[in-house]
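One structure is given here, and the rest of the page talks about it.
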Amino acid sequence: MKEPCGTRIFFCVKRTGNVYFFYLCPLTILNEAKLRMKEFVISEAQTEKAVLVGLITQTQDERKTNEYLDELAFLAETAGAEVVKRFTQKLDAPHSVTYVGKGKLQEIKQYLEAQNESEETEIGMVIFDDELSAKQIRNIENELKVKILDRTSLILDIFAMRAQTANAKTQVELAQYKYMLPRLQRLWTHLERQGGGSGAGGGKGSVGLRGPGETQLEMDRRIILNRMALLKQRLAEIDTQKSTQRKNRGRLIRVALVGYTNVGKSTLMNLLAKSEVFAENKLFATLDTTVRKVIIDNLPFLLSDTVGFIRKLPTDLVDSFKSTLDEVREADLLLHVVDISHPDFEEQIKVVEKTVADLGAGGKPTMIVFNKIDAYTYVEKAEDDLTPKTKENITLEELMNTWMAKMNDNCLFISATHKTNIDQLKECVYKKVRELHVQKYPYNDFLYQTYDEEGQ
């Protein structure tokens with residue numbers, strides 16, 4: 001697919017009191033479009049001070065909002081930002097124009113102005129916990145005069161920062177264009193927009209307003225759509241290649257590690273497969289699916305490590321990472337890894353189960369592996385406290401008994417970091433995989449022979 005070419009043009013953009021000049025040529029407009037995407041996402045991993053904003057609604061109480069903001073702060077930290085303040089507001093639903101109410105927006109503005117008087121505490125970014133529309137971004141930005149991000153753009157930036165292979169970079173780029181396309185119009189607010197109406201007169205108020213704005217906007221939109229079509233074509237080719245690779249893997253049972261982000265899937269992968277998959281205590285450390293051959297006793301099988309899920313995961317990312325998530329669809333057994341030390345791990349389980357079901361893999365055999373038992377803590381109740389127990393008062397032993405009874409012993413409790421109960425995990429995985437292997441390949445062609453100590 002050839003890039004369009006044309007005449008070079010000059011234009012200027014006025015933003016937050018500064019004027020930026022660009023030297024544009026439609027031949028390189030895609031590169032310039034990526035530069036303008038910096039207004040949506042953080043493009044470099046640098047320390048910036050940020051403010052978080054969330055809503056307390058009828059479906060999201062204060063406790064849940066604070067947990068979401070904790071996760072948003074972790075996302076910001078992963079992207080290279082430092083959170084210095086949080087703002088919350090009780091509303092029935094997000095305001096269609098400014099997300100929060102006018103009074104709360106003024107409160108945020110006053111705080112930013114007070115902090116930005118000192119260069120040491122200058123805050124250049126406000127991050128909202130929900131996805132914002134183009135109108136909301138434009139209105140909030142005009143009022144606050146700082147960079148405005150939402151949860152989706154922050155996740156996209158982390159994905160762009162973490163992407164290493166050509167496959168991951170292509171998938172992330174497609175998701176970025178999908179996110180940017182409906183918000184493209186606000187980038188051209190420095191140019192006149194065409195007036196409404198029809199006919200020879202053009203309608204009321206349209207005289208003299210036929211500027212180059214819509215023409216340039218349509219040009220950008222067309223070029224981005226062409227780029228997206230090219231990326232989709234590349235992903236289709238990658239999908240075909242990966243499908244061929246999966247077919248050539250032989251008659252082996254496939255096991256996939258799934259779970260919320262940062263629950264220890266890659267660490268567990270390294271233990272079972274004796275590999276060196278990158279693992280870090282940050283969100284989305286793994287983007288590319290890693291497949292390794294694992295042998296337990298006399299049984300070989302394939303183990304894959306997949307990208308972690310998260311609340312409010314952008315639909316565009318799920319669509320773009322289809323070829324990566326096909327490992328989940330085609331797996332014979334899912335190992336659902338859970339961070340039991342997280343205070344809201346039960347909701348994380350629901351998020352993962354829903355995402356897996358949306359991928360079309362909801363009915364697969366699944367084992368829950370509760371990880372990080374070494375980090376689990378609880379608050380012991382006083383003997384004279386007769387109030388009902390809350391989940392903060394439940395001991396690890398009580399939790400283990402509850403879940404083992406609920407899952408019919410189809411769950412395990414381990415610590416991948418301290419290698420606690422890893423032998424028990426291997427034994428349980430061996431039994432599950434062997435059972436599936438015998439069902440799928442009744443002749444046991446690929447089962448290795450076992451020998452006694454004398455080699456007989």
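For Tyr376 and Phe370, the ring centers sit 6.0 Å or farther from each other.
No side-chain heavy atom of Val146 sits under 4.5 Å from any side-chain heavy atom of Met125. Considering only heavy atoms from C-beta on, Glu347 comes within 4.5 Å of Lys64 through its side chain. Within the 4.5 Å cutoff, side-chain heavy atoms of Leu112 are placed close to those of Val126. His336 has its side chain within reach of Val352: a pair of non-hydrogen atoms, C-beta onward, lies under 4.5 Å apart. Contact check for Asp374 versus Thr420: no side-chain heavy atoms found under the 4.5 Å cut-off. Proximity of Gln233 to Glu237: side-chain heavy atoms (C-beta onward) are separated by under 4.5 Å at one or more points. When side chains are defined from C-beta on, Leu75 counts as touching Ile158, because their heavy atoms get closer than 4.5 Å. Side-chain contact between Tyr179 and Ile155 is absent, with no heavy-atom pair separated by less than 4.5 Å.
Interatomic distance, Lys265 NZ to Asp305 CG, rounded to the nearest 0.5 Å: 6.5 Å. Residue Thr417 holds its OG1 atom at 10.5 Å from CD1 of Ile373, rounded to the nearest 0.5 Å. With rounding to the nearest 0.5 Å, the separation of CG in Leu271 from CE in Met269 is 11.5 Å. Atom NZ of Lys354 is separated from atom CZ of Arg311 by 14.0 Å, given to the nearest 0.5 angstrom. In this structure, SG in Cys428 is found 6.5 Å from CG in Asn410, a value given to the nearest 0.5 Å. Taking CG of Leu235 as the reference point, atom OG1 of Thr170 lies at 6.0 Å (rounded to 0.5 Å).
More than 12 non-hydrogen atoms from other residues, nucleotides or ligands lie less than 6.0 angstrom from CD of Gln439. Within a 6.0 Å sphere centred on CD of Glu398, heavy atoms belonging to other residues, nucleotides or ligands number more than 12.
Contact record, Ile253 with Phe301: O-CB, 3.3 Å, taken as the closest heavy-atom pair. Closest of all the heavy-atom pairs between Val291 and Ser304 is CG2-CB, 3.8 Å. The two residues Gln176 and Ala160 make their nearest non-hydrogen contact at NE2-CB, 3.5 Å. Here the closest non-hydrogen pair linking Leu154 and Ala76 is CD2-N, 3.7 Å. Of all non-hydrogen atoms in Ile56 and Asp61, the two that sit nearest each other are CG2-C, 3.9 Å. Listed here is the closest heavy atom pair of Thr366 and Leu333: N-CD1, 4.2 Å.
One side chain, Tyr430 or Asn298, offers a donor N or O that lies under 3.5 Å from an acceptor on the other. Inspection of the Tyr68 and Asp130 side chains reveals no N or O donor paired with an N or O acceptor under 3.5 Å. Residues Asp358 and Thr355 bring no donor and acceptor atom of their side chains to less than 3.5 Å of each other.
At distances below 3.5 Å, not a single donor-acceptor pair connects side-chain atoms of Asp339 with backbone N or O atoms of Lys372. Of the possible donor and acceptor atoms, none in the side chain of Gln424 sits under 3.5 Å from a partner among the backbone N and O of Phe413. Side-chain N or O atoms of Asn371 include none that pairs as donor or acceptor with a backbone N or O of Val337 at under 3.5 Å. Gln60 places no side-chain N or O within donor-acceptor distance of the main-chain N or O of Thr57, the cut-off being under 3.5 Å. With hydrogens and angles disregarded, a donor-acceptor distance shorter than 3.5 Å links the side chain of Thr65 to the backbone of Leu55. Counting only distance, with no hydrogens or angles, the side chain of Gln348 and the backbone of Val338 share no donor-acceptor pair below 3.5 Å. With hydrogens and angles ignored, the 3.5 Å screen pairs a side-chain donor or acceptor of Lys364 with a backbone N or O of Ala331. Looking only at distances, a side-chain donor or acceptor of Asn393 sits under 3.5 Å from a matching main-chain atom of Val379.
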query: Under the side chain to side chain contact (heavy atoms under 4.5 Å, CB included) criterion, do Val97 and Gln136 qualify, and how do the steps go?
result: CA-CA 5 Å; Val97 179; Gln136 288 173 325; 6.0 Å; no
| said: Under the criterion side-chain hydrogen bond (donor to acceptor under 3.5 Å, both in side chains), I'd like the reasoning laid out for Ser153 against Asp150: C-alpha separation, chi angles, the key distance, then a yes or no. | reply: CA-CA 5 Å; Ser153 61; Asp150 59 16; 2.9 Å; yes
message = Is there a side chain to side chain contact (heavy atoms under 4.5 Å, CB included) between Ile140 and Asn142? Walk through the geometry before answering.
response = CA-CA 5 Å; Ile140 297 171; Asn142 289 338; over 6 Å; no
**Derivation of the salt bridge (charged side-chain N to carboxylate O under 4.0 Å, His left out) call for Lys431 and Glu435** = CA-CA 6 Å; Lys431 291 179 180 178; Glu435 180 181 343; over 6 Å; no
Self-check item: Derivation and outcome, side chain to side chain contact (heavy atoms under 4.5 Å, CB included), residues Leu303 and Val429
Solution: CA-CA 11 Å; Leu303 181 66; Val429 170; over 6 Å; no
Exercise for the section: Apply side chain to side chain contact (heavy atoms under 4.5 Å, CB included) to the pair Tyr378 and Leu396, showing each step before the final yes or no. Expected result: CA-CA 8 Å; Tyr378 73 99; Leu396 180 60; over 6 Å; no
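Classification of Glu107 and Lys104 as a salt-bridged pair holds, one side-chain N sitting under 4.0 Å from a carboxylate O. With respect to the salt-bridge test (charged N to carboxylate O, under 4.0 angstrom), the residues Lys169 and Glu173 do not qualify. Under a 4.0 Å N-O distance rule, the pair Arg86/Asp70 qualifies as a salt bridge. Ionic pairing of Asp332 and Arg254 is not present here: no N-O contact between side-chain nitrogen and carboxylate oxygen is shorter than 4.0 angstrom.
Across Leu69, Val100, Leu52, a single residue satisfies side-chain contact (heavy atoms from CB on, under 4.5 Å) together with Thr88, and that is Leu69.
Annotation: salt bridge (Lys or Arg N to Asp or Glu O under 4.0 Å) contacts of Glu346 (sequence neighbours excluded): none.
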